Visitor: 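Just passing along the structure, written as structure tokens.
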Amino acid sequence: MLTLGIDTSTKVCSVAVCDGEKILGSLDINVGLTHSEGLVPQLDTLLKLARVSRNDLELVAVSRGPGSFTGLRIGMATAEALAYSLDIPLRAVDTLKAIAYNLPVAGVLLAPVLDAQKGNLYLGQYQWDQGRLEEAAPVSIVPAKTLVAELEQKSWPVILMGECRRVPKPEGLLVTLAPESARMPRGSAVAILAAEEYEEGEIHDYFGMEPYYIRRSEAKELWEKRQKQQRSGR
């Protein structure tokens, strides 16, 4: 299934086009461009270099979060518009699962994390079982400073992935860091996962997709705080 994958959940903008599990082309850009500046030109370049026509695409896949509030909105809006214009299916993929997909290693717990602001991290937990990536525990929000200590209590060796820069360096043997090249979400993982999970004839709503935020954005929290102050001041 010829699938276009998009991930804008972090500062890295990652896009890829895959035919099943075969990656035909992949571009990861991390030079400070905003996703609103770089995503569409990046998609055009990707398809041109991979020699894939937009009209040949069969599925559009996009990372739905958790992650950057603005980045997720831009990626999902672009994916929706593209799928709608081509009249092809659209599927969303959990960002933390897409990160874990980078390491097909059995017998370990894969623990991808992303910045949740205010010293916290989004934590996913996944394991490979008979060639399939399964969720070992629901996504949670944990303090960055206590993450390693919490993971050291697991009964499996743990590989830490994602945005690890604020995590204390593991000193024991049970928790290790994934290679830098495998830590971040990739458009290729988004595309392959979406194709695997897609079922023929699946109903899709082009403009009803919602990001998986887990927590409210800081802007929304601030707005609600101001509204509460205004009401109490009346």
Side-chain angles (χ1 to χ4, degrees), residues 1-10 12-29 35 38-67 71-106 110 112 124 126-135 161 181-182 184-212:
M1 191 172 201
L2 200 59
T3 306
L4 179 69
I6 299 172
D7 185 279
T8 53
S9 60
T10 67
V12 180
C13 187
S14 180
V15 296
V17 60
C18 300
D19 188 1
E21 294 186 352
K22 182 180 180 181
I23 302 173
L24 303 181
S26 178
L27 287 176
D28 300 327
I29 304 298
H35 295 318
L39 178 55
V40 173
Q42 195 170 331
L43 287 171
D44 290 338
T45 300
L46 169 71
L47 294 176
K48 181 179 179 180
L49 292 176
R51 298 183 179 180
V52 172
S53 167
R54 289 193 180 200
N55 293 326
D56 291 333
L57 294 173
E58 300 173 90
L59 175 68
V60 175
V62 64
S63 176
R64 74 181 187 120
L72 291 173
R73 286 289 184 186
I74 292 171
M76 297 185 85
T78 302
E80 287 172 334
L82 183 58
Y84 177 76
S85 67
L86 297 174
D87 192 25
I88 59 175
L90 170 68
R91 215 175 201 289
V93 171
D94 291 352
T95 306
L96 293 170
K97 187 174 184 179
I99 298 175
Y101 194 86
N102 291 337
L103 281 181
V105 180
L110 300 173
Y126 301 89
Q127 288 180 301
W128 285 92
D129 182 17
Q130 298 182 355
R132 291 189 62 85
L133 185 62
E134 304 290 346
E135 187 176 60
M161 311 171 72
S181 59
M184 301 307 292
R186 292 177 176 171
S188 55
V190 171
I192 295 170
L193 271 173
E196 286 182 356
E197 296 173 354
Y198 175 72
E199 296 181 5
E200 192 67 32
E202 185 176 293
I203 298 174
H204 48 278
D205 185 348
Y206 292 119
F207 301 105
M209 189 180 289
E210 286 294 328
Y212 182 33

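Side chains are part of it too, since the values below use all heavy atoms of this structure and drop only hydrogens, waters and symmetry mates. Computed from a predicted structure; not experimentally measured.
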Visitor: Which residues pass the salt bridge (Lys or Arg N to Asp or Glu O under 4.0 Å) test with Arg186, not counting sequence neighbours?
Guide: none
Visitor: With Thr3, which residues qualify under side chain to side chain donor-acceptor pair (under 3.5 Å), at least two apart?
Guide: none
Visitor: Measure the spacing between CG of Leu90 and CG of Leu4 and express it to the nearest 0.5 Å.
Guide: 10.5 Å
Visitor: Less than 3.5 Å apart, which donor and acceptor atoms pair up between the side chains of residues 53-61 and the rest of the protein, not counting sequence neighbours?
Guide:
| unit_1 | atom_1 | unit_2 | atom_2 | d |
| --- | --- | --- | --- | --- |
| Ser53 | OG | Asn55 | N | 3.2 |
| Arg54 | NH2 | Asp44 | OD1 | 2.6 |
| Glu58 | OE2 | Leu2 | N | 2.7 |

Visitor: Identify each donor-acceptor pair in which a side-chain atom of residues 73-84 lies under 3.5 Å from a protein atom, sequence neighbours left out, and give them as a table.
Guide:
| unit_1 | atom_1 | unit_2 | atom_2 | d |
| --- | --- | --- | --- | --- |
| Arg73 | NE | Tyr213 | OH | 3.0 |
| Thr78 | OG1 | Ile74 | O | 2.9 |

Visitor: Would you compute the distance between atom CZ of Arg64 and atom CZ of Arg91 and round it to the nearest 0.5 angstrom?
Guide: 10.0 Å
Visitor: Who passes side-chain contact (heavy atoms from CB on, under 4.5 Å) against Met161, sequence neighbours left out?
Guide: Ile99, Asn102, Leu103, Leu110, Pro112, Ile159, Ala178
Visitor: Going by side chain to side chain donor-acceptor pair (under 3.5 Å), name the residues that satisfy it together with Asp19, two or more places apart in sequence or in a different chain.
Guide: none
Visitor: Shortest non-hydrogen contact from Met209 to Ala92?
Guide: SD-CB, 3.8 Å
Visitor: Partners of Tyr126 by ring-ring contact (aromatic ring centres under 6.0 Å, His included), sequence neighbours excluded?
Guide: none
Visitor: Just to verify, what does Arg51 make a salt bridge (Lys or Arg N to Asp or Glu O under 4.0 Å) with, not counting sequence neighbours?
Guide: none
Visitor: Do you know which two heavy atoms are closest between Leu96 and Pro66, and how far apart they sit?
Guide: CD1-CG, 3.9 Å
Visitor: Any idea which heavy atoms bring Pro89 and Tyr198 closest together, and the distance?
Guide: CG-OH, 3.4 Å
Visitor: Would you compute the distance between atom CG of Leu72 and atom OG of Ser9 and round it to the nearest 0.5 angstrom?
Guide: 6.0 Å
Visitor: Using distance only, find each side-chain donor-acceptor pair of residues 188-195 under 3.5 Å and give its atom names and separation, not counting sequence neighbours.
Guide:
none

Visitor: Might you point out which heavy atoms bring Leu46 and Ser26 nearest each other, and give the distance in Å?
Guide: CD1-N, 3.6 Å
Visitor: For Gln42, enumerate each residue passing the side-chain contact (heavy atoms from CB on, under 4.5 Å) test, keeping only those at least two apart in sequence or located in another chain.
Guide: Cys13, Val15, Leu27, Ile29
Visitor: So, using side-chain contact (heavy atoms from CB on, under 4.5 Å) as the criterion, who are the partners of Thr10 when residues are at least two apart?
Guide: Val12, Leu114, Glu163, Met184, Pro185
Visitor: Return the set of residues passing side chain to side chain donor-acceptor pair (under 3.5 Å) with Thr95 (not counting sequence neighbours), or none when no residue passes.
Guide: Ser63
Visitor: Show the nearest heavy-atom pair for residues Leu133 and Lys97, with the distance to one decimal.
Guide: CD2-O, 3.5 Å
